[in-house]
Every structure is written in C-alpha cells, then in structure tokens.
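Structure, as structure tokens:
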There are 2 protein chains.
Amino acid sequence: MGTLKPESEAGQIALREERHQYILELLGREGRVLAADLSSRYGVSEDTIRRDLRELASSGKIQRVHGGALPRRAEAVPFVSRQQIDTESKIGIARAAAAMIRDRQVVLIDGGTTNLRIASYLSRERSATIVTNSPPLALALADHPKLSVLMLGGNFLKEARVTTGIETIRQVESIRADLCFLGMCSLHPEVGITVGDREEAYVKQAMIGASTEVVGLISLGKMGTSLPYLVGPASRLTRLITDASGEDVLDPYRSQGIEVTST
Amino acid sequence: MGTLKPESEAGQIALREERHQYILELLGREGRVLAADLSSRYGVSEDTIRRDLRELASSGKIQRVHGGALPRRAEAVPFVSRQQIDTESKIGIARAAAAMIRDRQVVLIDGGTTNLRIASYLSRERSATIVTNSPPLALALADHPKLSVLMLGGNFLKEARVTTGIETIRQVESIRADLCFLGMCSLHPEVGITVGDREEAYVKQAMIGASTEVVGLISLGKMGTSLPYLVGPASRLTRLITDASGEDVLDPYRSQGIEVTST
DNA sequence: TTGGTTATACGCGTATATACGCATATTATC
DNA sequence: GATAATATGCGTATATACGCGTATAACCAA
C-alpha cells in the first residue's frame with residue numbers, strides 16, 4: 001500500500017480483484033459509481049480507484065466517464081437481459097411445467113425467468129390458484145380469466161424481482177399447495193439447491209415445506225453449479241424438468257428418487 | 001466545479017454522461033424537454049443543461065430548439081405518448097406528487113396509472129421506503145437504487161393490477177406511513193371517495209388509516225363522479241393534486257380543509 | 001414596430017478529476 | 001529470508017466540468 005496508511009475506516013478492501021468485483025456489483029445495482037465515493041467506501045485512494053476503473057474500462061466491462069463510471073450499455077437492466085438468455089431451451093421447460101398444472105390445484109410459483117415463462121404456456125381454460133412471490137409473474141397471469149392469483153407480500157428484492165422476508169414466509173406457511181415450481185439458481189447433486197441471496201433461500205425453504213410436490217425447472221447451464229446459500233439437498237425436489245440429457249448428468253438425481261423429465 | 005456549490009437538493013446527477021442518457025430517455029418518454037425543467041430536475045445550472053443539449057444536438061441525437069429540445073425525428077414519439085390518454089396532465093400531477101416525497105419517509109402508494117407514473121418522476125437519489133399493493137409499481141421502482149420497496153401481499157385483482165383482501169389490509173395495518181398516495185377512481189365533494197370494487201374500498205380505508213398525510217391524485221375527468229363503493233368522505237384527504245383549475249371546481253374541496261395543488 | 005422578458009452564448013475563475021512519475025509497501029517466488 | 005514483481009499512495013502538473021456575470025439573441029405581446 002502507500003507510503004503510510006494511518007488508518008482506513010472500516011471498509012478497507014485490500015485486493016484489487018475484490019474491488020473490481022465490488023465495483024461491478026455496485027454499478028449493476030446503482031447504475032453508476034463515483035470515483036470519490038468508491039474511494040471513501042473502500043478505504044483506498046482515489047488514484048487506486050481510477051486505476052481500477054481504467055482497467056475495467058479497457059477490458060470493456062464499464063464505461064468510464066469523468067467522475068466515475070457507468071454501465072457499458074445504457075441501463076444495464078439485469079432482469080430484462082437475463083430474460084432473453086436461454087430462451088430456446090427455456091420454452092420447452094416452461095411448456096412441460098405448465099402442462100403439469102391441473103384444474104383446482106393450488107400452485108406455488110417462485111420467481112425467476114424460467115418460471116415466468118410458465119404463464120405464457122398455461123392454458124386459458126385452466127382454473128387454478130396460483131400463489132407467487134413474483135410481481136412479474138402475477139402481472140403475466142393478469143389476463144388468464146380463470147386463474148385466481150395470490151401475491152405474496154414482503155420485501156421486494158430488486159435484482160431478483162421477488163418478495164422475500166418474514167412476511168413472505170409467514171404467508172407461505174399459511175398455505176398448503178399441491179405443486180411448487182421452485183426457481184433454480186443452481187443445482188448440484190451433492191451440494192444441493194443453492195442461491196445467491198440469504199433471504200431468498202429462506203423463502204424457498206418455506207415453499208418446499210408448504211407443497212406436496214416440488215418441481216425444479218433448470219437449464220443445463222445451471223446444473224452442477226453452486227452458490228453461497230443453501231436451500232436444501234437436491235432430494236427435496238420431487239421432480240426435475242430440464243433440457244439437459246445424458247445419463248451421466250441426470251442419473252445422480254434419479255438415484256436420489258427424483259423424477260426427471262428431459263425435454 | 002463552480003465557484004460555489006450552494007447546495008443541490010437530492011436529485012443531483014453528478015455525471016455528465018449520465019445526464020445525457022437521462023435526457024434522451026426523458027425525451028423519448030415525453031416528446032420534448034425544457035432546459036429550465038431539466039435544470040431543476042437534475043440539480044445543475046441551466047447553463048450546464050444547455051451545454052448538454054448542445055452536445056447532444058451536435059452529435060445528432062436531438063433537435064435543439066429554443067427553451068429545450070425535441071426528438072430528432074418529429075414522428076418519433078407522438079404515437080407512443082398519445083396512446084396513453086391524458087398523459088400530458090398526468091405527468092404534471094405525478095411530478096408534483098413525486099416532489100412531495102422526502103428522504104427517510106415511509107410512503108404508501110396505491111395502485112392506478114397515475115400513481116404508477118410517480119415512479120418515473122422520483123429522483124434516483126431519494127432514499128425512502130415505498131409500500132405498495134401494486135406489482136407494476138414495485139417493478140417500476142426496481143431500478144431506483146436507494147428505495148426500499150415493500151410489496152403488500154394479497155389477492156391479485158387482475159383488472160386493477162393491485163392486491164386486495166384481508167392479507168393486504170393486515171399488512172397495511174401494521175404500518176405507520178408518513179404519506180399515502182391514494183389511487184382515485186372518482187371523487188365527489190359531497191359523496192366522497194368511491195371505487196368500483198368492494199375489496200379495493202376496504203384496502204383504501206386501511207391505507208387512509210395508516211398514514212399521517214393522505215394525498216389524492218386526480219385528473220379533471222374523474223372529479224365530480226361517483227362509483228358504487230364508498231371509501232370515505234372527501235375530507236379524509238389532506239391534500240389533492242389535480243390538473244383541474246377554477247374556483248368552482250376546487251373550492252368545495254378547499255372548504256373541507258383539503259390543501260389543493262393545481263398543476 | 002417597440003419594449004420587455006426569457007433564453008442563449010461566451011469568457012472567466014475555480015473546484016475537481018485525471019495522468020504521471022516515483023517512493024514505499026505488499027505479495028509472490030525461490 | 002532474500003529478491004523480484006506488483007500494487008498503492010502521494011506530489012505535481014494538466015485537463016475537465018461547472019457556475020456565474022454579462023452581453024447578445026430570440027420570443028412575445030401590445
């Protein structure tokens with residue numbers, strides 16, 4: 001570090017890569033970062049921040065501007081862009097999921113882009129009760145005439161576009177669902193179901209507990225990966241719908257008693 | 001920066017590029033921008049805004065005109081904005097409403113298209129807690145970095161795109177808000193606040209009870225009308241924001257002790 | 001037209017932001 | 001533990017952005 005760094009507040013972030021990571025994350029969340037702000041936030045000199053920003057800019061990850069940086073593409077809308085990834089395979093998965101829903105069932109549907117697509121493939125003739133913590137899903141169901149939609153309240157998690165927290169969990173716990181479509185961030189046969197947010201993990205646990213059948217919709221890319229927060233073992237799922245194929249990938253789940261549907 | 005940086009409210013947009021983006025975005029939404037308006041909105045001098053506009057104009061992105069700017073192609077916007085009836089007046093109302101929100105406040109925002117627009121005019125610098133029963137509003141707030149959003153759960157009413165019912169009411173009752181923007185379906189000085197759905201009426205009653213200040217946003221067309229279900233007398237409102245003008249229309253409300261803001 | 005109001009342009013001073021070179025601290029490597 | 005490779009902070013020079021004062025130009029109503 002510098003010639004002398006007498007003290008540095010609390011938030012000292014010593015490693016360059018770590019700072020880069022945080023900067024990108026913050027940028028994604030706030031839509032802009034200020035050099036001076038980052039400096040005081042991470043307890044390093046503005047000079048260092050500027051070097052960081054220069055590096056991130058030259059590798060094309062951010063757009064450098066006077067005073068700070070902006071996302072490379074105007075309005076890096078994390079959700080919209082994510083929505084368009086994987087569309088091909090997600091359609092098949094969502095369609096298979098929608099076909100599972102029967103009349104009069106109470107169905108818990110978690111957030112996530114794949115689950116959101118279920119709405120598009122749900123028959124307009126189907127009459128069921130859909131319970132969800134995803135405002136986008138509720139909206140997508142708004143023109144399904146025969147569905148009853150229960151929106152779960154709670155803290156709105158902006159990145160994932162779902163509600164979380166104690167209110168959400170309480171409401172879930174007061175429900176007995178026939179079917180639950182769990183949003184899958186990542187799934188690993190041994191590690192289990194994991195997500196990137198603690199609050200989300202709790203909500204998912206509650207959903208699993210509230211439903212007779214628990215279905216995971218997951219595309220190949222997310223299988224075999226893991227994230228910081230554990231929801232539970234893979235065996236909490238009763239069924240898996242995926243575009244993955246091949247015995248080597250799917251057997252570890254089948255051997256845990258999970259029904260696997262490959263689209 | 002300038003010789004002296006007096007202060008700048010909250011809405012300060014520090015980065016030049018960022019302002020450029022916002023200006024373009026706003027231009028796309030409203031079909032025109034005014035220099036003076038941009039100045040107060042972004043908390044920078046008109047001079048700076050003019051420089052911005054000059055730059056955008058010289059790079060061909062906008063058409064500079066006296067007092068502000070227009071989209072480069074005359075037909076670029078009209079259809080989109082004309083599609084939304086009485087957008088013009090709603091913009092003024094929503095903007096006035098957004099300006100009422102202060103840092104750290106807890107603000108209840110009801111559903112409705114006018115209320116939804118508040119999101120667009122809320123400064124990205126504002127840090128407040130927004131409580132709403134409107135999934136579209138929650139989504140619209142998703143990229144306001146400093147806001148905390150609490151989504152009220154409940155039965156999702158498809159036509160109005162809001163949640164209702166006992167769950168919603170219970171959650172509202174557990175909250176003490178500084179400010180409440182009540183969605184106005186119709187308002188009559190003697191009949192009072194009325195809506196077309198029974199459940200909605202109950203939710204609005206709860207919202208009124210949970211908030212210190214109750215603000216109604218209403219366009220001229222809805223004033224003096226009434227609907228089947230009564231929420232309460234007009235005097236439950238502490239303030240009215242409207243595009244209506246004329247003493248004959250507004251005085252009946254003023255005489256009930258309601259502050260009236262005419263945009 | 002004319003006169004007033006408002007918007008704009010220009011130059012300047014100043015506050016910031018940035019780049020660069022160098023000394024020092026930290027980390028990695030042997 | 002010594003040495004090399006980075007990373008960081010600071011001083012300094014320079015560039016940029018901004019706000020203000022003032023002069024000019026465009027608009028608007030009699």
Side-chain angles (χ1 to χ4, degrees), chain A residues 1-24 26-27 30-72, chain B residues 1-24 26-27 30-72 123 125:
Chain A
M1 213 159 287
T3 48
L4 175 81
K5 190 63 197 317
E7 50 68 58
S8 63
E9 301 285 326
Q12 169 99 347
I13 306 230
L15 293 88
R16 196 163 124 272
E17 284 306 320
E18 199 180 5
R19 272 197 319 268
H20 287 196
Q21 198 84 2
Y22 280 157
I23 290 171
L24 288 175
L26 193 67
L27 189 54
E30 309 212 343
R32 74 147 177 274
V33 290
L34 305 178
D37 178 43
L38 290 171
S39 162
S40 67
R41 190 186 289 240
Y42 299 149
V44 295
S45 76
E46 291 196 30
D47 229 323
T48 299
I49 293 296
R50 274 196 286 272
R51 268 186 279 247
D52 289 339
L53 294 179
R54 253 201 311 263
E55 285 155 18
L56 288 169
S58 74
S59 68
K61 298 208 175 79
I62 65 173
Q63 184 201 341
R64 185 77 168 89
V65 299
H66 215 84
L70 296 173
R72 201 159 56 84
Chain B
M1 213 159 286
T3 48
L4 176 78
K5 176 70 177 319
E7 52 68 60
S8 61
E9 295 287 324
Q12 172 92 304
I13 307 267
L15 303 170
R16 193 164 128 274
E17 286 302 323
E18 195 183 16
R19 272 196 320 267
H20 287 195
Q21 286 180 17
Y22 277 29
I23 290 171
L24 289 175
L26 193 67
L27 192 53
E30 300 197 1
R32 69 156 186 222
V33 290
L34 305 178
D37 177 42
L38 291 171
S39 161
S40 67
R41 179 189 289 243
Y42 298 149
V44 296
S45 75
E46 292 196 30
D47 227 322
T48 299
I49 293 296
R50 274 190 224 104
R51 266 187 281 247
D52 289 340
L53 294 178
R54 243 189 334 251
E55 285 156 17
L56 287 168
S58 75
S59 67
K61 299 209 176 77
I62 65 172
Q63 185 200 336
R64 187 77 168 88
V65 296
H66 219 82
L70 296 173
R72 202 155 56 85
S123 162
E125 299 302 308

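So that the names make sense, note that chain A is the first sequence line, chain B the second, and so on, each numbered from 1. Being a predicted model, the structure only gives us computed values, none of them experimental.
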Measure from [atom1] on [X] to [atom2] on [N] and round the result to the nearest Å.
{"X": "A:Arg51", "N": "C:dA17", "atom1": "CZ", "atom2": "P", "value": "17 Å"}
{"X": "B:Leu38", "N": "D:dG19", "atom1": "CG", "atom2": "P", "value": "13 Å"}
{"X": "A:Leu53", "N": "C:dT18", "atom1": "CG", "atom2": "P", "value": "8 Å"}
{"X": "A:Arg50", "N": "D:dG9", "atom1": "CZ", "atom2": "C1'", "value": "12 Å"}
{"X": "A:Glu18", "N": "D:dT8", "atom1": "CD", "atom2": "P", "value": "11 Å"}
{"X": "B:Leu34", "N": "C:dT6", "atom1": "CG", "atom2": "C1'", "value": "13 Å"}
{"X": "A:Glu46", "N": "C:dT16", "atom1": "CD", "atom2": "C1'", "value": "9 Å"}
{"X": "A:Asp47", "N": "D:dC10", "atom1": "CG", "atom2": "P", "value": "9 Å"}

For this session: Report yes if a donor N or O on one partner sits less than 3.5 Å from an acceptor N or O on the other, where the partners are the side chain of B:Asp52 and the base of D:dC18; otherwise report no.
Result: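 Side chain to base: no pair below 3.5 Å.
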Exercise. Heavy-atom count around A:Gln21 CD within 6.0 Å, excluding the residue itself: above 12?
Worked result: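 At most 12 heavy atoms, drawn from other residues, nucleotides or ligands, come within 6.0 Å of this atom.
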Exercise. Minimum heavy-atom separation for A:Ser39 to A:Ser45, with atom names?
Worked result: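 Looking at all heavy atoms of both residues, the shortest contact is OG-C, 3.7 Å.
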Seminar exercise, completed: In short, A:Arg64 meets A:Ala57 closest at the heavy-atom pair CB-CB, 3.8 Å
Exercise. Base, sugar-phosphate alone, or nothing: which one does B:Arg54 contact when heavy atoms must sit under 4.0 Å apart?
Worked result: sugar-phosphate
Exercise. NA contact type, A:Ala35, heavy-atom cut-off 4.0 Å: base, sugar-phosphate, or nothing?
Worked result: sugar-phosphate
Exercise. Which value, rounded to the nearest 0.5 Å, describes the distance between B:Glu46 atom CD and B:Leu53 atom CG?
Worked result: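 The CD atom of B:Glu46 sits 10.5 Å away from the CG atom of B:Leu53.
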Has [X] got a side-chain N or O lying under 4.0 Å from the OP1 or OP2 atom of [N]?
{"X": "B:Thr48", "N": "D:dC18", "result": "no"}
{"X": "A:Arg19", "N": "D:dT8", "result": "yes"}
{"X": "A:Arg64", "N": "C:dT18", "result": "yes"}

For this session: Ignoring the backbone of B:Val44, work out which of C:dA7, D:dG19, D:dG9 is nearest its side chain.
Result: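 For B:Val44, the side-chain atoms sit closest to D:dG19.
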Exercise. Taking 4.0 angstrom as the limit, do A:Arg51 and A:Glu55 come out as a salt bridge?
Worked result: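 Salt bridge between A:Arg51 and A:Glu55, a charged N being under 4.0 Å from a carboxylate O: no.
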